[in-house]
**Q** 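Pasting in a structure now, in structure tokens, and then I'll have a few things to ask.
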Amino acid sequence: MGKKSRVKTQKSGTGATAAVSPKEMMNLISELLQKCSSAAPSPGKEWEEYVQIRALVEKIRKKQKGMSVSFEGTREDFFSELMTWGAECGASCDCFEISNFADEGYGLKAARDIKAEELFLWIPRKMLMTVESAKDSVLGPLYSQDRILQAMGNVTLALHLLCERSNPSSPWLPYIKTLPADYDTPLYFEEEEVRHLLATQAIQDVLSQYKNTARQYAYFYKVIQTHPNASKLPLKDAFTFDDYRWAVSSVMTRQNQIPTADGSRVTLALIPLWDMCNHTNGLITTGYNLEDDRCECVALKDYKEGEQIYIFYGTRSNAEFVIHNGFFFEDNAHDRVKIKLGVSKSERLYAMKAEVLARAGIPASSIFALHCSEPPISAQLLAFLRVFCMTEEELRDYLVGDHAINKIFTLGNTEFPVSWENEIKLWTFLETRAALLLKTYKTSSEEDRSMLEKPDLSLHSRIAIKLRLAEKEILERAVSCCRAKRLHFQKQLDEGAPLPLYEESDIALLENADAKLPIILRKLEEEDESVQEEMNLAQIKPDAACVDSSKTPVLNGQCKDLNGTQEDPPGGDAVVKESKVEKHDPSTKRTEGEPKDGGK
């Protein structure tokens with residue numbers, strides 16, 4: 001997927017030698033590593049730190065100009081070679097062809113009519129680039145010694161990609177040659193383009209992504225130059241920031257989790273051909289067939305010959321699409337903004353509220369979400385707000401009153417308000433909170449819409465402003481919904497409407513799918529939206545490894561990537577046997593990360 005490759009033509013293996021000594025470059029790299037590894041800046045100073053890190057990176061890039069390795073020509077020149085290689089390896093290549101879809105960039109076009117749920121694409125394991133293939137490659141000796149590579153599979157995959165790109169005899173060259181030369185992730189934004197995201201909820205992740213990538217680059221530059229096990233790496237003579245940024249973005253926009261060959265755990269992989277598919281709303285239709293050891297994809301719907309074939313990347317917000325995939329999806333049914341809420345430990349009723357929340361399986365402090373749909377809150381957030389706004393008497397009733405245990409299950413059910421006063425209080429609180437969040441933006445929605453009408457606006461600026469506007473629109477809808485709810489329950493109170501009472505027999509209602517209960521049995525969905533802590537060079541956390549070998553989610557762009565932000569959780573059901581595969585963080589995808597306003 002993706003737009004046309006903007007290749008800077010330069011023969012593979014060549015590159016002008018920059019007029020900079022190894023010692024001078026190492027000094028700059030050390031300065032960058034120190035800057036990126038220092039303590040987190042104080043609140044409000046994050047942008048200042050980003051500008052300083054960026055200045056150092058630009059200084060390094062300037063001295064490395066002409067040193068990067070790239071292929072001569074454009075990526076489309078190599079599509080036929082990719083298809084031939086795929087057919088030789090046993091992939092299915094008869095049902096589709098690679099085509100340019102204007103604003104959406106490259107994608108797969110049906111070469112014949114395809115029925116919904118028809119298996120039209122499969123890719124054998126030998127075509128995939130994985131952490132396992134990296135261990136068996138020239139990168140293996142360094143992998144066996146470096147704790148960061150062992151802990152961060154996506155970093156391993158990025159360096160694996162760079163090593164194979166520099167290897168003229170690499171079996172993956174037909175695939176690597178078709179990857180975009182650059183991307184539309186925020187790593188490629190100019191400083192002024194990033195500035196459009198200031199005050200948005202996405203800005204912290206964007207700044208962390210850049211800082212983490214710069215730190216990783218500086219760290220591995222020193223490792224490659226000094227570690228004995230890196231002496232034979234092809235990157236020793238040419239490893240530029242632009243190289244690493246490209247590899248990071250290639251992996252970030254395409255990585256997927258698949259089962260290892262024995263099915264005992266998951267590993268990260270790049271999946272050729274399949275990662276050309278663009279994203280649309282729907283269900284996950286890709287899985288991993290362990291028996292035949294291949295990735296399989298069935299059609300999301302009926303496709304006529306000549307139509308573009310889409311897949312569903314997963315339930316990602318537009319902030320996640322922009323940060324991890326480099327595009328904004330206009331019709332995103334799963335868009336949302338984060339809202340951090342918690343019960344203050346200094347509050348007199350903290351212990352009682354925390355206990356009720358704990359019984360419902362909800363933490364006393366967490367990151368929730370306001371959704372673009374109606375209503376804008378989940379059952380979990382409704383339950384939290386009800387407890388948050390309870391009086392001491394109401395808390396006591398849910399702790400030790402009649403049917404207290406069963407009543408916990410009603411907290412997220414709209415059919416059973418705690419009280420009319422409680423409903424009024426919670427919707428008033430949420431209305432106020434959303435209104436305050438709206439005031440943090442420097443521009444209005446009308447101003448954003450006017451800016452988007454400018455014909456000379458850059459693609460990256462357009463993506464950033466669209467994301468900023470989308471956040472505001474979700475908050476505006478939330479304010480409107482909360483106001484309507486508040487007035488409704490105030491009317492119920494004023495009219496003396498009877499409060500629906502919980503009865504033991506009503507437990508059947510809680511088993512209804514529409515009730516989204518019981519809460520206590522559901523994992524808090526917003527927990528997976530929290531930002532993953534930045535990579536600490538001194539303390540590396542190992543990847544979670546164990547999964548059910550027969551049902552392994554393989555989400556396109558869904559493992560949180562190496563930029564330091566977490567990926568989306570798997571979403572949807574696979575229609576293919578064996579393991580589910582959702583296109584990548586844990587990343588639904590437009591895998592190339594270079595679509596125009598939402599294309600590859």
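Keep in mind that the numbers below use all heavy atoms, side chains included, and drop hydrogens, waters and symmetry copies.
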**Q** E446 vs K472, test: salt bridge (Lys or Arg N to Asp or Glu O under 4.0 Å). Steps then yes/no.
**A** CA-CA 10 Å; E446 291 72 23; K472 294 174 191 173; over 6 Å; no
**Q** Might you point out which heavy atoms bring N332 and C372 nearest each other, and give the distance in Å?
**A**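 Of all heavy-atom pairs spanning N332 and C372, the closest is O-SG, 3.7 Å.
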**Q** Run F321 and F328 through ring pair (Phe, Tyr, Trp, His ring centres under 6.0 Å) and show every step you take.
**A** CA-CA 6 Å; F321 276 137; F328 179 92; 9.0 Å; no
**Q** For I367, is there any backbone N or O sitting under 3.5 Å from a side-chain donor or acceptor partner on K340?
**A**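 No: the side chain of K340 does not pair with the backbone of I367.
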**Q** Are the side chains of C481 and E374 in contact, using a 4.5 Å heavy-atom criterion?
**A**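 In contact.
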**Q** Within this structure, what is the CG-OG1 distance for the pair L157 and T267, rounded to the nearest 0.5 Å?
**A**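 Here the rounded value is 8.0 Å.
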**Q** Answer with yes or no after comparing the ring centroid distance for F312 and H334 against a 6.0 Å cut-off, counting only values under it.
**A**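 Ring centres of H334 and F312 closer than 6.0 Å.
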**Q** Is there a donor-acceptor pair under 3.5 Å between the side chain of D448 and the backbone N or O of I465?
**A**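 No; zero donor-acceptor contacts below 3.5 Å.
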**Q** Is it true that the side chains of Y219 and S37 contain a donor and an acceptor less than 3.5 Å apart?
**A**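 No donor-acceptor contact under 3.5 Å links the two side chains.
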**Q** Tell me, with the steps shown, if L198 and K442 meet side-chain contact (heavy atoms from CB on, under 4.5 Å).
**A** CA-CA 8 Å; L198 284 175; K442 306 301 181 185; 5.9 Å; no
**Q** Identify whether the distance between the nearest side-chain nitrogen and carboxylate oxygen of E423 and K485 falls below 4.0 Å.
**A**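 The answer is no: the pair does not qualify as a salt bridge.
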**Q** Where is the tightest heavy-atom contact between L197 and I203, given as atom of each residue plus distance?
**A**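 What the structure gives for the nearest pair is O-CB, 3.3 Å.
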**Q** Is it true that, when you exclude E58 itself, more than 12 heavy atoms of the residues, nucleotides or ligands shown sit nearer than 6.0 Å to its CD?
**A**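 Buried by this count: over 12 neighbours within 6.0 Å.
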**Q** Main chain of D402, side chain of K407: is a donor-acceptor contact present, judged purely on distance under 3.5 Å?
**A**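 No, K407 side chain to D402 backbone: no donor-acceptor pair under 3.5 Å.
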**Q** Show, in sequence, the C-alpha distance, side-chain angles and deciding distance for S317 and E320, and conclude whether the side-chain hydrogen bond (donor to acceptor under 3.5 Å, both in side chains) test is met.
**A** CA-CA 5 Å; S317 67; E320 291 165 320; 3.2 Å; yes
**Q** When the ring centroid of F189 is compared with that of H196, is the distance short of 6.0 Å?
**A**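 Between H196 and F189, which both carry aromatic rings, the centre distance is not below 6.0 Å.
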**Q** Quick check against the 3.5 Å criterion: does S480 have a side-chain atom that pairs as donor or acceptor with the backbone of R477?
**A**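 Flag not set: sc S480 to bb R477 has no pair under 3.5 Å.
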**Q** With no hydrogens and no angle check, is any side-chain donor or acceptor of Q201 less than 3.5 Å from a backbone partner on K338?
**A**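 Side chain of Q201 to backbone of K338: a pair is present.
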**Q** If we ignore hydrogens and angles and just use 3.5 Å, is the side chain of R215 paired with the main-chain N or O of C36 as donor and acceptor?
**A**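 Between the backbone of C36 and the side chain of R215 there is a qualifying donor-acceptor contact (under 3.5 Å).
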**Q** If you compare all heavy atoms of L268 against all heavy atoms of N154, which two are closest, and at what distance to 0.1 Å?
**A**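 Distance-wise, the nearest heavy atoms are CD1-N, 3.3 Å.
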**Q** Tell me whether R245 forms a cation-pi arrangement with Y188, defined as NZ or CZ under 6.0 Å from the six-membered ring centre and within 45 degrees of its axis.
**A**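 Geometry flag: set, cation within 6.0 Å and 45°.
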**Q** Could you tell me whether the side chain of P417 reaches within less than 4.5 Å of the side chain of L499, counting heavy atoms only?
**A**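 In contact.
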**Q** Got a second to check how far I60's CD1 is from I29's CD1, nearest 0.5 Å?
**A**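 Reported value, rounded in 0.5 Å steps: 4.0 Å.
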**Q** Using 30° and 60° as the class boundaries, would you call the ring planes of Y217 and F241 parallel, tilted or perpendicular?
**A**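 Y217 vs F241 ring planes: perpendicular.
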**Q** Between the main-chain N or O of A484 and the side-chain N or O of W427, is there a donor-acceptor pair closer than 3.5 Å?
**A**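 Checked: no pair found.
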**Q** Test salt bridge (Lys or Arg N to Asp or Glu O under 4.0 Å) on R396 and E392 and set out the steps.
**A** CA-CA 6 Å; R396 197 178 305 280; E392 183 172 0; 2.9 Å; yes
**Q** With heavy-atom distances below 4.5 Å as the criterion, would you say the side chains of R265 and P259 are in contact?
**A**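 A side-chain contact is absent here, since even the closest heavy-atom pair is not under 4.5 Å.
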**Q** Going by distance alone, is a donor N or O of one side chain under 3.5 Å from an acceptor N or O of the other, for S458 and E193?
**A**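 There is such a pair (donor and acceptor under 3.5 Å, judged by atom type) between the side chains of S458 and E193.
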**Q** Surrounding CD1 of I405 (heavy atoms of other residues, nucleotides or ligands, distance under 6.0 Å), is the total greater than 12?
**A**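 Atom CD1 in I405 is not crowded, with 12 or fewer foreign heavy atoms closer than 6.0 Å.
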**Q** Does a donor on one side chain sit under 3.5 Å from an acceptor on the other, for H460 and D184?
**A**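 Yes, side-chain donor-acceptor contact under 3.5 Å.
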**Q** Out of curiosity, L399 CG to I408 CD1, how far, rounded to the nearest 0.5 Å?
**A**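 The CD1 atom of I408 is 6.5 Å from CG of L399, to the nearest 0.5 Å.
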**Q** Does K59 pair with E31 as a salt bridge, N-O distance under 4.0 Å?
**A**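 Result for this pair is no, no salt bridge flagged.
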**Q** Between Y210 and Y50, what is the ring plane arrangement, given parallel below 30°, perpendicular above 60°, and tilted in between?
**A**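 Perpendicular: the ring planes of Y210 and Y50 meet at over 60°.
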**Q** Going by side-chain hydrogen bond (donor to acceptor under 3.5 Å, both in side chains), S419 matches just one of E393, R386, E394. Which one?
**A**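 For S419, the side-chain hydrogen bond (donor to acceptor under 3.5 Å, both in side chains) check succeeds only for E394.
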**Q** Rounded to the nearest 0.5 Å, how far does CD1 of I339 lie from CD1 of I474?
**A**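 Spacing of CD1 (I474) from CD1 (I339) equals 12.0 Å.
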**Q** Distance check, rounded to the nearest 0.5 Å: E471 atom CD versus R336 atom CZ?
**A**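 Here the rounded value is 12.0 Å.
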**Q** If I take atom CZ from residue F429 and atom SG from residue C389, how far apart are they, to the nearest 0.5 angstrom?
**A**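 Between F429 CZ and C389 SG, I get 7.0 Å after rounding to 0.5 Å.
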**Q** I want to check something: taking the side chain as every heavy atom from C-beta on, are V155 and F220 in contact at a cut-off of under 4.5 Å?
**A**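 V155 vs F220: side chains touch.
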**Q** Which atom names give the shortest non-hydrogen contact between L467 and A202, and what distance separates them?
**A**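 Closest approach of L467 to A202, heavy atoms only: CD2-CB, 3.8 Å.
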**Q** For a 4.5 angstrom cut-off between non-hydrogen side-chain atoms, does L187 reach M252?
**A**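 Contact flag for L187/M252 side chains = yes.
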**Q** Could you tell me if the side chain of L452 sits less than 4.5 Å from the side chain of L469, heavy atoms only?
**A**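 Of all side-chain heavy-atom pairs linking L452 with L469, at least one is under 4.5 Å.
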**Q** Using the rule side chain to side chain contact (heavy atoms under 4.5 Å, CB included), only one of L382, I362, L385 pairs with F368; which is it?
**A**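 For F368, the side chain to side chain contact (heavy atoms under 4.5 Å, CB included) check succeeds only for I362.
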**Q** Using distance alone, with no hydrogens and no angle criterion, decide if T428 and E431 have a side-chain donor and acceptor under 3.5 Å apart.
**A**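 No donor-acceptor contact under 3.5 Å links the two side chains.
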**Q** For a quick test of reading the model, state the closest non-hydrogen atom pair linking Y244 to A158 and the distance between them.
**A**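 That closest heavy-atom pairing would be CE1-CB, 4.5 Å.
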**Q** If we count only N and O atoms by modelled type, under 3.5 Å, do the side chains of Q490 and D494 hold a donor and an acceptor together?
**A**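 D494 and Q490 do have a side-chain donor-acceptor pair below 3.5 Å.
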**Q** Would a distance-only check, ignoring hydrogens and angles, find a side-chain to backbone donor-acceptor pair under 3.5 Å from N281 to D331?
**A**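 Such a contact is found between N281 side chain and D331 backbone.
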**Q** So E192 and R195, salt bridge (Lys or Arg N to Asp or Glu O under 4.0 Å) or not? Walk me through it.
**A** CA-CA 5 Å; E192 288 306 308; R195 193 179 291 274; 3.3 Å; yes
**Q** Quick one: are R486 and K491 in side-chain contact, heavy atoms under 4.5 Å?
**A**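 Contact flag for R486/K491 side chains = no.
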**Q** Distance-only, no hydrogens or angles: does the E191 side chain make a donor-acceptor pair with backbone N or O of V51 under 3.5 Å?
**A**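 Side chain of E191 to backbone of V51: no pair is present.
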**Q** Just checking, any donor-acceptor pair under 3.5 angstrom between side chains of S461 and K454?
**A**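 Per modelled atom types, S461 and K454 side chains form no pair under 3.5 Å.
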**Q** Please assess V387 against L395 for the test side-chain contact (heavy atoms from CB on, under 4.5 Å), listing each intermediate value before the final yes or no.
**A** CA-CA 7 Å; V387 177; L395 288 166; 4.2 Å; yes
**Q** Measure from the side-chain N and O atoms of E49 to the backbone N and O of W47, and report whether any donor-acceptor pair falls under 3.5 Å.
**A**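 No, the answer is negative, given that no donor and acceptor are paired below the 3.5 Å cut-off.
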**Q** Going by side chain to side chain donor-acceptor pair (under 3.5 Å), name the residues that satisfy it together with E355, two or more places apart in sequence or in a different chain.
**A**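 Listed in chain order: R359.
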**Q** If you take all heavy atoms of L370 and A434, which pair is closest and at what distance?
**A**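 Residues L370 and A434, closest heavy atoms: CD1-CB, 4.4 Å.
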**Q** Could you check whether any side-chain heavy atom of F384 comes within less than 4.5 Å of a side-chain heavy atom of P363, counting everything from C-beta outward?
**A**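 A side-chain contact is absent here, since even the closest heavy-atom pair is not under 4.5 Å.
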